[in-house]
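Reminder, nothing fancy here: chain letters follow the sequence lines and each chain counts from 1. Just so you know, these numbers come straight off a predicted model, no measurement behind them. Excluded from the calculations below are hydrogen atoms, water molecules and symmetry mates; all remaining heavy atoms, backbone and side chain alike, are included.
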Amino acid sequence: MESKVRVRFAPSPTGGLHLGGVRTVLYNYLFARHHGGEFILRIEDTDQSRYVPGAEEYIFETLAWCGLQPDESTQHGGPYAPYRQSERKASYRQYAEQLVQAGHAYYAFDTAQELDAMRLKLRTEANPNPQYDHTVRGQMRNSLSLSAEETKQLLDNRTPHVIRIKMPEGETVSFTDMIRGEVSFDTSTVDDKVLLKADGMPTYHLAVVVDDHLMKITHAFRGEEWLPSAPVHVLLWRYLFGAENMPKWAHLPLILGPSGKLSKRDGAKYGFPVFAMNWTDPKSGELTEGFRERGFLPQAFINMLAMLGWNDGTEQELFSLEELVQKFSIEKVHKGGAKFDFEKAKWFNHEWIKKQPAASYKTEVKQLFEQKGLHISDDVYFEQVLELVKDRCTVLTDFWEHSAFFFKAPRQFDTTPILAKWNPAKRSFFESFPSALKGVSDWSAGTLENLFKQMAEQSSIKPGELQLPLRIMLVGGKFGPPVFHIAEVLGKEETISRIKDALQSFPAQ
RNA sequence: GCCGCGUUCGUCUAAGGGCUAGGACACCACCCUUUCACGGUGGUGAUACGGGUUCGAAUCCCGUACGCGGUACCA
């Protein structure tokens with residue numbers, strides 16, 4: 001009997017979601033949807049000391065912006081609630097106790113000081129990081145080294161204690177990673193990880209196994225940094241729920257920054273965003289810039305992230321979310337880490353701006369314009385303008401410099417490019433041009449261009465010589481889309497008025 | 001140190017024993033365009049190193065180097 005694919009993503013609310021995190025969600029989502037399964041979001045907040053207020057809401061907002069809606073979560077509900085691990089605290093202890101009874105785990109009473117002392121004492125050049133493992137557990141204060149009476153006494157006195165897994169010696173634990181194939185570990189080299197903390201909260205190791213079992217998770221993608229603790233999870237599955245019921249794992253390669261692992265700092269250092277959306281740390285007040293605020297389209301962001309570690313084997317690079325869902329295949333996910341390249345990210349965004357109708361992002365651009373103090377009243381006109389200039393915009397914030405002149409007639413004219421060749425004949429051309437424009441009934445770029453060329457020839461001036469002056473009259477300088485397209489969008493009245501006004505500021509001859 | 005994972009143009013990658021190692025970003029040149037872009041054409045540029053296996057290796061095996069991750073009562 002084949003059970004339905006259920007994939008989960010489990011972020012910890014300790015800060016904004018960075019590129020690697022969003023990519024992990026994305027792959028979880030794509031896999032779930034590709035197989036017609038469910039996508040579950042569970043909050044891993046068992047470390048209260050690192051919980052950052054607002055981070056959970058931020059995660060949901062990021063997912064909403066990206067269009068990756070979970071089927072089950074703290075916000076969407078679901079049959080396996082609660083989806084916040086801190087609210088599931090009560091259920092973990094029994095599993096830890098069960099492991100102790102079976103001899104796979106033990107109580108440890110060591111204080112933080114005792115642990116420090118052990119690590120200090122055992123530290124040598126050959127072993128800079130001594131572990132709490134089978135070689136040292138006999139010398140520590142735990143239910144393996146202490147007598148049964150002593151242990152009972154300590155427990156009865158409610159001595160603070162943790163529960164640690166008892167890693168077997170000299171066993172090989174292996175599992176099949178969906179991306180890497182078979183991966184194996186010698187259990188002697190793995191330490192006795194804490195499963196249940198002194199405050200009764202589980203560590204990630206216990207929680208992830210218990211919750212994945214309880215929530216009937218079948219597959220999960222996580223970062224490569226989890227690979228070393230996989231043997232602990234495999235063993236827990238074997239002891240608790242049966243190794244054959246273990247979800248399939250996929251460990252994703254890391255996303256790297258310009259120098260090594262991508263970090264929050266890289267954003268400020270190299271001038272590119274590392275989070276999906278702006279994130280302000282409530283404790284430090286530190287702002288980390290987001291792709292959204294930088295002017296990225298979610299489609300481009302998702303597309304770029306998806307390609308950073310996967311491709312469909314063809315030369316196609318532009319994919320919508322629907323296409324990604326349809327074509328995503330686990331076999332094509334890469335093993336090696338990828339360095340994030342902001343230039344390429346911008347290229348994706350540029351492509352998406354060109355590809356999408358301006359209507360789909362006009363609300364965002366309008367907001368940007370309002371921030372600049374420009375109120376947009378005519379939506380149809382606004383959309384026409386965006387459509388005309390979008391080819392030259394890489395991020396949404398570029399629209400301002402490429403189209404502000406459509407909404408405000410220029411006040412200053414940069415006449416330097418034409419000054420040398422300006423003469424009375426040209427001036428008189430522009431003096432008579434407006435009245436000719438008045439008579440145009442079919443106001444389109446093509447008609448205007450024809451009329452313009454005809455009149456130029458009548459005045460025995462090369463049309464090319466007159467185009468730049470016209471452009472400067474309409475927009476104030478040497479920029480913008482093709483002149484006659486500008487005139488078309490501006491409309492008859494505005495075009496005529498701009499030419500007349502400009503002529504006042506142009507040299508007398 | 002130990003354990004694990006990885007390594008193709010500067011960057012993202014294709015090629016899963018067989019063409020001249022293909023594409024994209026970036027860069028350069030030319031074309032288009034009397035603005036700037038878009039677009040088009042072309043160019044520079046890579047299999048980390050050393051051994052095997054094979055008629056034949058980027059591809060399979062071993063070693064080395066390098067990179068990254070882990071080595072917490074963090075996730």
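- H251(A) pairs with exactly one of E225(A), R222(A), R180(A), E224(A) by the side chain to side chain donor-acceptor pair (under 3.5 Å) rule, that one being R222(A).
- To the nearest angstrom, P of rU33(B) lies 11 Å from CD of E449(A).
- A gap of 23 Å separates the P atoms of rA24(B) and rC32(B), to the nearest Å.
- To the nearest 0.5 Å, the span separating OH on Y92(A) from CG on L214(A) amounts to 8.0 Å.
- Using a cut-off of 4.0 Å between Lys/Arg side-chain N and Asp/Glu carboxylate O, R84(A) and E56(A) are scored as salt-bridged.
- Proximity of a side-chain donor or acceptor of Y107(A) to a complementary backbone N or O of R164(A) within less than 3.5 Å is not detected.
- By the 4.0 Å N-to-carboxylate-O rule, K453(A) lies close enough to E449(A) to be salt-bridged with it.
- Salt bridge annotation for R137(A)-D192(A): present, with a cationic side-chain nitrogen under 4.0 angstrom from a carboxylate oxygen.
- Regarding L388(A), its CG atom lies at a distance of 16 Å from the P atom of rA37(B), rounded to whole Å.
- Partners of Y361(A) according to the ring pair (Phe, Tyr, Trp, His ring centres under 6.0 Å) rule, which considers only residues two or more places apart in sequence or in another chain, are F399(A).
- Contact annotation: K332(A) side-chain N/O to rA15(B) OP1/OP2 distance is under 4.0 Å.
- For residues 177-197 of chain A, the set of pairs meeting the ring pair (Phe, Tyr, Trp, His ring centres under 6.0 Å) definition, not counting sequence neighbours, is empty.
- A salt bridge is defined here as a Lys NZ or Arg NE, NH1 or NH2 lying under 4.0 Å from an Asp or Glu carboxylate O, and K89(A) with E87(A) fails to meet this definition.
- Base pairing of rU35(B) is not made with any nucleotide, judged by Watson-Crick or G-U wobble geometry with both donor-acceptor distances under 3.5 Å.
- Base pairing annotation: rC19(B) forms no Watson-Crick or G-U wobble pair, as no partner gives both donor-acceptor distances under 3.5 Å.
- An OP1 or OP2 oxygen of rA14(B) is reached within less than 4.0 angstrom by a side-chain nitrogen or oxygen of N311(A).
- Base orientation for rC5(B): anti, the chi torsion being more than 90° from 0.
- For the residue pair Q316(A) / K327(A), a side-chain donor-acceptor distance below 3.5 Å is found, with atom types taken as modelled.
- Rounded to an integer number of Å, the gap from CG of L122(A) to C1' of rC2(B) is 14 Å.
- Heavy-atom distances under 4.0 Å link RNA chain B to R471(A), K478(A), F479(A), G480(A), P481(A), P482(A) of residues 469-485 of chain A, given in residue order.
- rC5(B) is paired with rG67(B) under the Watson-Crick or G-U wobble criterion, all donor-acceptor distances under 3.5 Å.
- The residue among E343(A) and G313(A) whose nearest nucleotide of RNA chain B lies closer to the 5′ end is G313(A).
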When you compare the protein's N or O atoms with those of nucleotides 71-75 of chain B, which come within less than 3.5 Å of each other, and at what distance?
from	atom 1	to	atom 2	distance (Å)
rU71(B)	O2'	Q131(A)	OE1	2.5
rC73(B)	OP2	R164(A)	NH2	3.2
rC73(B)	O2	A198(A)	N	2.8
rC73(B)	N4	D110(A)	O	3.1
rC74(B)	OP2	K197(A)	NZ	3.0
rC74(B)	O2'	D47(A)	OD2	3.1
rC74(B)	O2'	R50(A)	NE	3.3
rC74(B)	O2'	R50(A)	NH2	3.4
rC74(B)	O2	R50(A)	NH2	3.3
rA75(B)	OP1	T46(A)	OG1	2.8
rA75(B)	OP1	K197(A)	NZ	2.9
rA75(B)	OP2	Y204(A)	N	3.4
rA75(B)	O3'	E44(A)	OE1	3.2
rA75(B)	O2'	S12(A)	OG	2.9

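- Pairs engaging residues 306-320 of chain A under the salt bridge (charged side-chain N to carboxylate O under 4.0 Å, His left out) rule: E317(A)-K344(A) [sequence neighbours left out].
- Applying the ring pair (Phe, Tyr, Trp, His ring centres under 6.0 Å) test to H205(A) and every residue at least two apart in sequence or in another chain returns H233(A).
- Rounded to an integer number of Å, the gap from CZ of F348(A) to P of rU13(B) is 11 Å.
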Between the protein and nucleotides 47-49 of chain B, list every N/O to N/O distance that falls short of 3.5 Å.
none

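- Residue H402(A) is out of contact with every strand shown, counting any heavy-atom pair closer than 4.0 Å.
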Can you name the atoms? Protein N/O to nucleotides 58-65 of chain B N/O, anything below 3.5 Å, with the distance.
none

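- In this structure, CG on L318(A) lies 9.0 Å from CE on M307(A), to the nearest 0.5 angstrom.
- On the C1' atoms, rA48(B) is 39 Å away from rG39(B), given to the nearest whole Å.
- Residue pairs meeting the salt bridge (charged side-chain N to carboxylate O under 4.0 Å, His left out) criterion with at least one member in residues 193-202 of chain A, sequence neighbours excluded, are D191(A)-K193(A).
- Atom C1' of nucleotide rU13(B) and atom CG of L305(A) are separated by 16 Å, given to the nearest angstrom.
- Here, rC38(B) and rG16(B) have their C1' atoms 39 Å apart, quoted to the whole Å.
- Considering only residues two or more places apart in sequence or on other chains, T416(A) meets the side chain to side chain donor-acceptor pair (under 3.5 Å) condition with D414(A).
- Across the P atoms, rA37(B) and rU20(B) are found 40 Å apart, a figure rounded to whole Å.
- At least one donor-acceptor pair under 3.5 Å links the side chain of T24(A) to the backbone N or O of G20(A).
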Please enumerate all protein N or O atoms sitting under 3.5 Å from an N or O of nucleotides 3-8 of chain B, with distances to 0.1 Å.
from	atom 1	to	atom 2	distance (Å)
rC5(B)	O3'	R180(A)	NH1	3.4
rC5(B)	O2'	R180(A)	NH1	2.5
rC5(B)	O2'	E224(A)	OE2	2.7

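- The separation between K339(A) atom NZ and rG69(B) atom P is 13 Å, rounded to whole Å.
- We find that D501(A) and R498(A) are not joined by a salt bridge, their nearest charged nitrogen and carboxylate oxygen being 4.0 Å or further apart.
- Across rU7(B) and rC12(B), the matching C1' atoms stand 15 Å from one another, rounded to whole Å.
- Within the nucleic acid shown, K346(A) has no heavy atom closer than 4.0 Å to any nucleic acid atom.
- Taking atom C1' in both rA15(B) and rA57(B), one finds a spacing of 13 Å when rounded to whole Å.
- When the P atom is compared between rA58(B) and rU47(B), the two are found 11 Å apart, to the nearest whole Å.
- Rounded to whole Å, the P atom of rC19(B) lies 14 Å from the corresponding atom of rU59(B).
- Checking K344(A) against E465(A), the closest nucleotide of RNA chain B that is more toward the 5' end is the one next to K344(A).
- Spacing between atom CG of D341(A) and atom C1' of rG10(B) amounts to 9 Å, rounded to whole angstrom units.
- Per the geometry, CG belonging to L252(A) stands 15 Å off P belonging to rG70(B), to the nearest Å.
- Shown here are the side chain to side chain donor-acceptor pair (under 3.5 Å) partners of N303(A), two or more places apart in sequence or in another chain: W352(A).
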